[in-house]
Each structure stands twice: as structure tokens, then as C-alpha cells.
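Residue numbers begin at 1 in each chain, while the letters A, B, ... track the order of the sequences. These numbers come from the heavy atoms of this one structure, side chains and all, not from hydrogens, waters or symmetry mates.
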Amino acid sequence: MNNNELPLWEVFIQPKTGAQFQHCGSVHAADKEMALQNARDLYTRRQEGTCIWVVKAEHIISSNPDDSESFFDPADDKVYRYPTFFKVSKKAKGL
Amino acid sequence: MSTTQETTFQGKIDKGLKIEPRDWMPDKYRTHLIRQISQHAHSEVIGMQPEGNWITRAPSLRAKMVLIAKVQDEAGHGLYLYSACETLGITRDELISQLHTGKAKYSNIFNYPTLTWADIGAIGWLVDGAAIVNQQSLRGTSYGPYSRAMIRICKEESFHQRQGYEIMSKMANGTPEQQEMAQDALDRWWWPSLMMFGPHDLDSAHTSNAMNWKIKRETNDELRQLFVDRSVKQADLIGLKIPDPDLKWNQETRHYEFGEIDWDEFWKVINGDGFCNKERLNNHTTAHTKGQWVREAALAYAEKRNNGVNHE
Ligand SMILES: [Fe+2]
Ligand SMILES: [Fe+2]
């Protein structure tokens, strides 16, 4: 049975000014205005946010967890990307 | 191949890691979650009806504002949970139709009627109280989206229980008629609240898988005991009496012992023979059917605008 389920939108909220947006769930809505309003009613009833993003769920591309080893491995052996890799004199300040 | 996947899956769970929507999972884990989360979502939504019944008759403007906010929260809880459930690959349409055909259940407790204002107190105090015990435990569930929904819900629930307890304590300290109403509400809601935790562990079809997979973190009986221990003290404090002649403190276990639940009543109500089963479901089906044209119109409008000037 099809009851014309409205499209699915993912919701991201910025908890306070300057903070990063965080995914918090989804809503169904016919268009972007309705998506924003539904997201506001659902996810910010207690002032949880200062700004909301909504994006149609079908537009989100995810990496595949099954491939996460090969996908993220290249970062594995590059310890020189961390400051602790480098030995410098304790006397050198401000580094 | 499938055994390796299963080992990896169980390994993650044993380590306390969360399973996310795109991770491999056994079919039975997925179906168990869909059943449990959707039942939970339907309960939140159907649960608005017994309380909604009193919004227009709330005894003060303050009480009315609070009750509206509380019922609105329950709608929100339902939607958080549908959202989590849909990440398992089932659509909202399917979920709703499973509710309407009776394939999916909702909590038995919402098939009982709300006869007086004290029932609103009893629901907030006991029904939300029992739900909180269950939901606090489920914050640690192994499925990521479910766990996150529970964390969110728990933050909102404590206001629900406090508003209910406030109503009960006001009435329990009020006129003789109010006191009588408060006690009567406790008498009627106590046992159904204990039933909310489900059958005894030994009789529950779903316990063992759910525990191994860490979908559930504590058993029905453990959670029920926790609820009894908390509630007895709260009832004492406002001078109400738990309607159970077998209730007594056990100094050794440091828990309350309580009488046997009427499981015949439990199964009778689950199988459709409660006071309000038909009414609750009819209301939902009617609202959903009557809203059909709104969804159609909204979609048609969106499509029309997309086909015109595209300013997406
Ligand atoms: Fe709730
Ligand atoms: Fe609640």
C-alpha cells in the first residue's frame, strides 16, 4: 500500500553560534520549507539549536563501512602528521 | 563469508561498540530491532490519546500548558523512534500500515481509559516512570540510532514524571474527594504499569537474543524490580497506598517483594480485549486516512514548484 509518504530529509543542528552542525535525525516533508519547520518543531523544542540544515536523505553519500579499512588505512602509517613525532630540545619554547 | 561477518558483528557488540545503519548485521538482529523500535514508536504516538483526553478539561491554565507540552513531547518521541527505525530499511508507510493491520503492537497500558484528572497524575508518575526505567536502560542499546534516540528522550522524560507526581501529591494532600481520586487512580494504574515491563524473563520469547546482542541491557524482571523499589517510596511520601497486599520490604535482598501480576489480563488486553483497543486504533487510522489529501496536496504543490522556476 502506498499512502504517498512524504520524502525523507536528514536534519543537522548547530547547538550554539560558532559550533559545528551535528546530525540529529530525520523528518518527512514535501518541500524544503516544510522540512525546516518540521525539524524545528521536532528537534528544537527546548532551544537545542541556533541554526538548522535540512538535506534530502537521497543526496547524502556515505562511505561504506565494509571498506573502511582500505578507505581509512592510508592515514595509518603517517605518524609524522602529529607534533609528537618530532624531537626538539625542551629548552625551545613556543613550539 | 557469513560466519566471518557474524564474528565481526558479535565482536563489536562484545566490545561495547555501536552498530550503525550501514554496518553488516544478521537478519534476525534487524527484524528484532524493527519490531522493538516500531512498537516503542507506536506506543509514544498512541499514548497521546489517553492524555489528550484531558487537555480541554485541565483544571487550570498552567496545567493545560504543561499537559499540551507533555503530549507534544510524546509525539516527538514517536518521531525520533520512527526516524531511528527507518534507518533499518523499512519505510514509514510500512510502519504505519503494520500498526493499522495489527501486525505491530503498542504498549498495552494505553488501552486503559483516563477517568479523572488524577489519572493524568498517575500516568505521568507511573507510566512515564516505568517508561523512564526502561528507556534509561536502553540508552546503552547496541544499535546507534536507537541509543541516540533514547538519550534524547530520557532528557525530556524527567519533566513528564515530575509533572505527574506533582498532580498526584497535590491531590493526595487536597480535599477528601481529591484524595479519593488520587488513590483510585493509583489503584487502577499500578498493576498495568508493572505489566509494561513485559512477561517474566522465563516466559519472554525475545529475551535471550536481545541480551546477547545487547539490544536489551537488563531483563524485564530486573527493570520491573527497580521500578517497584522507586515507586513504593514515592507513594509513601505523599501518603498513597500501593494496592498490593503482598508488598513487603526484604531486608536481605534490599528490595521490595510484590504480588503476582494478573497475566491473564495482560494477554487479554494484548490480544485486543482491553477497554480502549478499538477506539485507540480507530482514532489513529481515521486521522491517517483523513490526512491523505493533505499529503497529496503538499506533494503536488512541491512538484509544481519544482517544475516551474527552479530555485532549489
Ligand atoms: Fe515518551
Ligand atoms: Fe513521557
Side-chain angles (χ1 to χ4, degrees), chain A residues 1-16 19-50 52-73, chain B residues 5 8-9 12 19-25 69-70 72-73 75-87 90-98 100-101 144-145 148-149 151-153 155-156 159 285 288-289 291-306 311-312:
Chain A
M1 71 186 270
N2 186 354
N3 287 324
N4 293 333
E5 171 181 298
L6 302 178
L8 190 64
W9 303 69
E10 297 298 331
V11 180
F12 300 81
I13 293 199
Q14 184 185 38
K16 47 180 187 268
Q20 301 189 41
F21 282 71
Q22 273 186 356
H23 180 249
C24 63
S26 61
V27 293
H28 287 270
D31 56 32
K32 56 189 181 181
E33 285 87 1
M34 191 192 281
L36 269 180
Q37 278 167 359
N38 288 354
R40 182 215 38 207
D41 291 348
L42 186 54
Y43 292 104
T44 61
R45 287 194 305 284
R46 288 176 177 76
Q47 300 177 302
E48 289 94 335
T50 51
I52 300 177
W53 289 345
V54 289
V55 56
K56 270 201 174 160
E58 65 192 32
H59 293 151
I60 292 187
I61 318 296
S62 165
S63 66
N64 184 350
D66 290 343
D67 301 337
S68 67
E69 270 183 32
S70 58
F71 198 68
F72 295 108
D73 263 2
Chain B
Q5 284 174 318
T8 319
F9 169 81
K12 268 195 210 164
I19 304 300
E20 293 296 335
R22 294 186 42 126
D23 291 340
W24 184 90
M25 60 185 86
K70 200 257 183 199
Q72 192 191 10
D73 270 355
H77 297 175
L79 294 174
Y80 302 155
L81 286 160
Y82 285 129
S83 167
C85 199
E86 288 168 78
T87 64
I90 186 164
T91 64
R92 182 78 65 88
D93 270 352
E94 287 172 280
L95 291 168
I96 301 297
S97 98
Q98 287 183 355
H100 291 171
T101 59
R148 294 192 282 275
I151 290 169
R152 217 185 161 86
I153 287 176
K155 281 189 195 147
E156 302 183 357
F159 130 63
T285 316
H288 190 70
T289 319
Q292 174 72 7
W293 73 268
V294 180
R295 291 188 291 277
E296 277 167 16
L299 279 174
Y301 178 65
E303 201 166 316
K304 190 172 143 195
R305 281 212 314 183
N306 279 345
H311 49 134
E312 287 284 320

- Just wondering, more than 12 heavy atoms not from B/Y301 lying within 6.0 Å of its OH? no
- Check the surroundings of atom CD in A/E58: do more than 12 heavy atoms from other residues, nucleotides or ligands lie under 6.0 Å from it? yes
- Query: So, do A/H28 and B/E86 sit near enough that their side-chain heavy atoms are less than 4.5 Å apart?
  - Reply: yes
- Message: How long is the straight-line distance from CG of A/D66 back to CG of B/D23, given to the nearest 0.5 Å?
- Response: 7.5 Å
- Query: Within the side chain of B/R92, is there an N or O that forms a donor-acceptor pair under 3.5 Å with the backbone of A/L8?
  - Reply: no
- Query: Quick one: are A/V27 and B/L79 in side-chain contact, heavy atoms under 4.5 Å?
  - Reply: no
- Does A/P65 reach the side chain of B/E20, with side-chain heavy atoms less than 4.5 Å apart? no
- Message: Tell me the closest heavy-atom pair linking B/R295 and A/L6, and the distance in Å.
- Response: O-CD2, 3.8 Å
- Donor-acceptor contact present, side-chain B/Y80 to main-chain A/L42, <3.5 Å: yes
- Task: Answer yes or no: are there more than 12 heavy-atom neighbours, outside B/E303 itself, under 6.0 Å from its atom CD?
- Result: no
- Note on the structure: What one should report as the nearest heavy-atom pair of A/S26 and B/S83 is OG-OG, 2.8 Å
- Message: With chain B as the partner, which of A/M34, A/R46, A/E48 has the greatest number of non-hydrogen pairs under 4.5 Å?
- Response: A/R46
- Task: Name the member of B/R152, B/R148, B/Q72 that forms the most heavy-atom pairs with chain A at distances under 4.5 Å.
- Result: B/R152
- For each of B/T289, B/T91, B/T8, tally heavy-atom pairs with chain A at distances under 4.5 Å, and name the one with the top tally. B/T91
